[in-house]
Amino acid sequence: MVKRTRIKEVLDSTAYGSEVTIKGWVRTFRNNQFIALNDGSTINNIQAVVDFNNTDESLLKRITTGAAVSVTGELVESLGKGQKVEIKAKSVEILGDCDPETYPIQPKKHSLEFLRENAHLRFRTNTFGAVFRVRHALAFAVHEFFNKKGFVYMHTPIITASDAEGAGEMFKVTTLELGNPPRNEAGEIDFKQDFFGRATNLTVSGQLEGELAAMAFGEIYTFGPTFRAENSNTTRHLAEFWMIEPEMAFYDLVDNMNLAEVFIKYVIGYVLTNNREDLEFLGQRLVEEEKQKPQNERSELGLIEKLEFVTNNDFERVTYTEAIDILKNSKQNKNKKFQYLIEDWGADLQSEHERYLVEKHFKKPVILTDYPKDIKSFYMRLNEDGKTVRAMDILVPGIGELVGGSQREERLDKLTKRMDEMGIPTEELWWYLDTRRFGACEHSGFGLGFERLVLFTTGMTNIRDVIAFPRTPKNAEF
RNA sequence: UCCUGAGUAGCUCAGCCGGUUAGAGCAUCUGACUGUUAAUCAGAGGGUCGCUGGUUCGAGCCCAGCCUCAGGAGCCA
């Protein structure tokens, strides 16, 4: 059996005269002799030239867009313009036919909306090929970064019993019969008879379990699927998404911010050096797309310039209180251009405010810290002022919140007091509180939405286009 | 969930004030051409106008309800 060479390797080769075998999917077949073939190893196609005068007519007819073919031939310098090398085909074998009458992907521009409805085939387009190679590179860089720093990768449970984290609506997990569940004497569904002997849900965060592990390994991270049953219909929310959650003992909020910033710069830097061609294509795609927008709505920087800017510049760090001052004194606020005007300290920031800070005022990623306790979660460490907590959110242009994190409240009395105030049942989270009873220490962590990172890095604008098979309200096809 | 907009050929879209046989480009098919770059040229086929009901002599177009999608908001990562 002849060994297959990946197209990326062939395109980089100068071994003219040697024989190679490539296998891939036909992108176009031009002029009855030029096959543009792609195997996913690179965004670039290789051109295989068929001698149509000496090739069976019935074989030529089967070389159609989308067909899987194997080509064996001689690697030669290309006679035509547009590519350096090509393959002079000696033999072409159709591995899998593709009926052009019914194959949805045509050699033309398709709308992202159409491709979303054909998510099973969209990997075969340039755009989605590039997006998912970048996604892979980012995921790999995440593990490489933490591994180099000595973090332990924890797999926290996907099915959880706690319904107490307050991170959003949860999906129920049950084996009970939906139409006729067993009931107790009070007429309520009797979860004692369920698979786990209690009500369970899909996880909304691995943080609480992550904290337990950090109290032994020092530094850990999780990277896994997360589920939110919110009826969210936006370009930045999914019902099933992947989240990275580092948790570090002996880190205060500043250590936490430093880690998050270095981390983001590292993974983006990895893609800048390893996925150059994909980024160039995605950057070009973005330019084309923005041509339809009015001048003042277009990005100032190209995709690669934007990513280089992020890796080369410090993120802006401001407290919530300073941010409120900036917003309050902004022209937008004074001219009542905000839909929600900033009046008093304590209000939650709306998307328009975050966007103003990031895109108009600072024009770079911003880390907002020390939010009012009333708009943040129970586990965040209370500041000396008694009003604010050691929270930090990282906001980036075009996406908004990329990271949400905090220094955790390690003082048992303050934590339980806060839980009581917010109606979080302490008895259900006894195991979490045990970390505050047995060797508690200063610690911090954050959560980063992986798809939002992919969005930012690829310049795509809809989160459903950076995950293979998006799960959103009314959509679980594929 | 709320606001706004959209749904017409495989895809992208046009369709006038409600009027006779619903169009274009691309794709597909047939033929020609053969160093092309989303090849080109000629011809052909292709429609449940999102669904249901209503108004009307007559509805792709008007009205009501529903479904789906997109953008924005909320929830958040």
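Reminder, nothing fancy here: chain letters follow the sequence lines and each chain counts from 1. Just so it is clear, the model here is predicted, and its values are computed rather than measured.
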- Task: With heavy atoms under 4.0 Å as the rule, sort A:Q350 into base, sugar-phosphate or nothing.
- Result: sugar-phosphate

- Side-chain-base donor-acceptor pair under 3.5 Å for A:Q106 and B:U28: no

- Message: I'd like to know if A:K23 and A:E93 make a salt bridge, using a cut-off of under 4.0 Å between side-chain N and carboxylate O.
- Response: no

- Message: Between B:U1 and A:N233, counting only base atoms on the nucleotide and side-chain atoms on the residue, is there a donor-acceptor pair under 3.5 Å?
- Response: yes

- G-U wobble or Watson-Crick pairing nucleotide for B:A6 (cut-off 3.5 Å, both distances): B:U68

- Message: Under 4.0 Å, heavy atoms only, any strand: does A:P107 hit a base, just the sugar-phosphate, or nothing?
- Response: base

- Would you mind classifying the nucleic acid contact of A:G80 as base, sugar-phosphate or nothing, using non-hydrogen atoms under 4.0 angstrom? base

- Message: Regarding A:E300 and A:K363, does a basic nitrogen lie under 4.0 Å from an acidic carboxylate oxygen?
- Response: yes

- Could you tell me whether A:D465 and A:R122 have a side-chain N and a carboxylate O separated by less than 4.0 Å? yes

- Any N/O donor-acceptor pair, A:R452 side-chain to B:C76 base, under 3.5 Å: yes

- Task: Just name whichever nucleotide pairs with B:U56, Watson-Crick or G-U, keeping both distances under 3.5 Å, else none.
- Result: none

- Task: Rounded off to whole Å, could you give me the NZ-to-P distance for the A:K474 and B:A70 pair?
- Result: 13 Å

- Can you find an N or O donor on one side and an acceptor on the other, under 3.5 Å apart, linking the side chain of A:E352 with the base of B:G72? no

- Task: Would you sort out whether A:Y153 and A:F146 count as a ring pair (Phe, Tyr, Trp, His ring centres under 6.0 Å), showing the intermediate values?
- Result: CA-CA 8 Å; A:Y153 177 28; A:F146 285 122; 9.3 Å; no

